[in-house]
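Worksheet: one structure, shown below.
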Amino acid sequence: VISVIKQLFFLVVPEMNNQFDDILKRYEAARSAGSSIYLEPDDLTDIAEYYHLHGRLTDAIEAIDLAINMFPGATQPLTFKARVAILVNRNAAEAMQWAEKIDDKTDLDYYYIVAEIMVADQRIDEANQYLKAKENDVCDDDLEDYYLDVATLFADYSCTDITEEWLKKSSLTTDPQYRELQGRVALGKGQFDLCEQIFDKLIDDNPYNTDYWNTMALAQFQQGDTTACIESCDYALAIDPVNADAHIHKANSLAIIGNYPEAIKFYKKLQALQPYSESPDMGIASILAAQNHPQEALAHLKTAEKLATSTSPNKLEILRQQCILNAQLGHRAEALACIRKMDELPDRNTAENNVLRGYLYLLENQPEVARVWFKRAVEASNNDLRIQTLIAYSTYECGYTQFAHDLFREIMDGGLGKNMPEGWAFLALCDADLGLRSEFLADLHQAVLQGPLRSKPMLEGIFPEGTPFENYEEYAKEHPELGAWPTSNRES
């Protein structure tokens with residue numbers, strides 16, 4: 001499908017929604033002239049959503065307040081206002097106050113907004129039970145729509161298992177919405193190849209759907225195919241040049257392949273489109289950190305922290321990155337303050353936070369204290385593989401290479417690392433530092449098999465700049481000195 005569309009895509013782009021364009025022009029002309037205008041509540045809500053999409057929250061609120069004043073109990077304007085309250089103002093009580101002003105409390109959209117407020121407020125199980133109870137009040141003719149709409153609501157908040165639970169209730173297995181949700185469930189389960197297959201067929205039927213292209217791009221990114229991801233983003237941007245998801249997926253892909261100037265350009269474009277989103281600053285911070293500009297990276301992370309809502313899944317990662325940068329800069333008090341903030345988050349991970357505490361003690365050359373925290377981390381996680389991995393990375397970064405090597409060798413040789421293929425690249429890095437030539441060649445071979453996305457960032461520092469990833473093995477074999485003796489002053 002992509003090969004066919006590629007031939008035609010940039011030649012034909014569907015017309016704009018002329019009806020909405022005319023309504024928007026009438027509205028803006030009336031506003032500029034200071035005159036009144038009559039529009040339906042759904043039209044005013046569309047205008048508000050348009051403004052919000054383009055980062056014009058003040059204009060969006062002005063349009064939606066007009067709608068509420070003209071139609072006090074109308075569902076759509078009040079639903080929009082409730083979403084602003086919960087997602088922007090972070091106030092679930094205020095959101096419910098707006099939702100309760102809806103006149104028709106048998107409207108399915110009333111059920112959806114009440115449930116969405118619960119989900120955004122981290123009361124996911126409560127929302128699920130509420131919607132199950134309301135299912136009894138939905139007429140038979142609306143049940144299929146209800147199942148798919150509820151599944152979509154949970155999919156929008158990455159509640160994959162609950163999404164699948166509701167999707168199974170529907171019999172509309174050939175409906176595009178059903179198939180799209182199938183693809184999103186596959187994405188949430190890490191079944192990226194299946195997700196790509198589903199959206200490839202959806203795009204074949206509807207090549208001008210930007211949501212399809214963006215989900216396809218995300219699946220391709222997760223599989224390490226950054227070239228295909230960028231191509232899919234370009235298709236989405238050809239349809240909608242201000243599409244936020246396409247901007248961030250393309251920026252992330254450009255950052256992965258090391259094209260930092262272009263990546264920053266797309267992060268800044270996203271920032272202009274979504275000034276209330278924390279994602280652009282997170283992306284820029286990651287690039288600045290990779291370029292060894294920790295202070296500048298920290299400034300962007302602090303901005304991201306202020307922008308992130310209390311329910312944002314990015315909050316934890318923002319604080320984690322701040323902690324690491326502060327630790328590297330020697331700002332121990334600030335790093336510990338970040339961990340304490342992480343301890344207070346609803347999605348906190350005590351084991352991970354204990355790894356960070358151990359990492360801080362290693363940086364201060366207190367390995368025995370660090371070991372205590374690492375032990376607590378492993379116990380808190382019930383010997384979780386990811387926690388052991390974080391400990392290994394931490395010890396390596398702090399110069400305890402032999403410890404990191406031995407821990408990771410046990411993980412990978414024990415078969416526990418089958419879901420973490422980048423572990424071979426990490427082992428090869430340790431081998432090179434320790435001068436374990438035969439182990440280095442064997443682990444390098446496994447790392448190359450996993451592809452550049454997972455392996456290149458770890459290994460590129462031990463090869464001459466510009467060496468193609470696919471030539472790493474050949475170069476290592478032709479240079480017997482590589483990995484033949486210790487190459488660092490790291491402690492073992």
Does K302 come within less than 4.0 Å of D281, counting only side-chain N to carboxylate O?
no
Between R357 and D343, does any side-chain N to carboxylate O distance fall below 4.0 Å?
yes
State, with a plain yes or no, whether a side-chain heavy atom of T227 is found less than 4.5 Å away from one of E231.
no
Considering only heavy atoms from C-beta outward, does the side chain of Y147 approach that of L167 to under 4.5 Å?
no
For A285 against L301, the heavy-atom pair lying closest together:
CB-CG, 3.7 Å
Could you give me the CA-CA distance, side-chain angles and deciding distance for I287 and Y267, then say whether side chain to side chain contact (heavy atoms under 4.5 Å, CB included) is met?
CA-CA 11 Å; I287 290 174; Y267 282 130; 3.8 Å; yes
Looking only at side-chain N and O atoms, does S232 offer a donor or acceptor that is under 3.5 Å from a partner on Q220?
yes
Show, in sequence, the C-alpha distance, side-chain angles and deciding distance for L181 and L148, and conclude whether the side chain to side chain contact (heavy atoms under 4.5 Å, CB included) test is met.
CA-CA 8 Å; L181 286 164; L148 294 181; 4.1 Å; yes
Over 60° means perpendicular and under 30° means parallel, so classify the ring planes of F408 and F426, tilted if in between.
tilted
With respect to E305, which candidate in K341, K315, R320 satisfies the salt bridge (charged side-chain N to carboxylate O under 4.0 Å, His left out) definition?
K341
Going by atom types alone, do Q182 and E164 pair a side-chain donor with an acceptor below 3.5 Å?
no
I'd like to check F403 versus C430 (side-chain heavy atoms, cut-off strictly below 4.5 Å). Are they in contact?
no
Closest non-hydrogen atoms of L345 and L316, given as atom of the first, atom of the second and distance, are CD1-CD1, 3.5 Å
Which pair of heavy atoms, one from Y112 and one from L153, lies closest together, and at what distance?
O-CD1, 3.4 Å
Counting C-beta onward and ignoring hydrogens, is there a side-chain heavy-atom pair between R332 and Y361 closer than 4.5 Å?
yes
Can you confirm whether the side chains of N326 and Q322 place a donor and an acceptor under 3.5 Å from each other?
no
One should read off an interatomic distance between T395 OG1 and R371 CZ, to the nearest 0.5 angstrom, of 9.0 Å
Are D121 and R123 within salt-bridge range, i.e. N to O under 4.0 Å?
yes
Is it the case that the ring center of Y27 lies less than 6.0 angstrom away from the ring center of Y50?
no
Check whether the side chains of Y359 and E397 place a donor and an acceptor atom closer than 3.5 Å, and report yes or no.
yes
Salt bridge flag under 4.0 Å for residues R83 and E116:
yes
Any salt bridge linking R376 with E379? Criterion: basic side-chain nitrogen under 4.0 Å from a carboxylate oxygen.
no
Any side-chain donor near an acceptor of the partner, W166 and N128, under 3.5 Å
yes
Might you work through the side chain to side chain contact (heavy atoms under 4.5 Å, CB included) test for L270 and F266, ending with a clear yes or no?
CA-CA 6 Å; L270 177 65; F266 274 89; over 6 Å; no
For the residue pair E317 and Q321, confirm or rule out a side-chain donor-acceptor distance under 3.5 Å.
yes
Non-hydrogen side-chain atoms of K189 and V185 separated by less than 4.5 Å
yes
For L429 and Y396 the tightest heavy-atom approach is CG-OH, 3.3 Å
So does K169 pair up with E135, basic N to acidic O under 4.0 Å?
yes
Residue pair D406, Q402: steps toward the side chain to side chain donor-acceptor pair (under 3.5 Å) verdict:
CA-CA 6 Å; D406 294 347; Q402 189 69 55; 3.0 Å; yes
Closest non-hydrogen atom pair, I239 against N209
CD1-N, 4.3 Å
Interatomic distance, OG1@T210 vs CE@M216, rounded to 0.5 Å, equals 13.5 Å
First locate atom CZ of F199, then atom CG of N206, and finally report the distance between them rounded to the nearest 0.5 Å.
11.5 Å
Have Y110 and D104 got a donor and an acceptor in their side chains that come within less than 3.5 Å?
no
How close do N243 and N214 get, heavy atom to heavy atom, and via which atoms?
OD1-ND2, 2.9 Å
Pairwise side-chain contact, V378 with I391, heavy-atom cut-off 4.5 Å (strictly under):
yes
Could you check V369, I387, V355 and say which one makes a side chain to side chain contact (heavy atoms under 4.5 Å, CB included) with F374?
V355
Can D245 and W213 be said to form a side chain to side chain contact (heavy atoms under 4.5 Å, CB included), step by step?
CA-CA 10 Å; D245 287 340; W213 283 109; over 6 Å; no
So do the side chains of Q97 and K81 get within less than 4.5 Å of each other, counting heavy atoms only?
no
Could you tell me whether E422 and K456 make a salt bridge, using a distance below 4.0 angstrom between a side-chain N and a carboxylate O?
no
When you compare the side chains of Q197 and D193, does any donor N or O come within less than 3.5 Å of an acceptor on the partner?
yes
With heavy-atom distances below 4.5 Å as the criterion, would you say the side chains of L356 and M342 are in contact?
yes
Verify whether one side chain among N314 and E278 offers a donor that lies under 3.5 Å from an acceptor in the other.
yes
K105, NZ: over 12 other non-hydrogen atoms inside 6.0 angstrom
yes
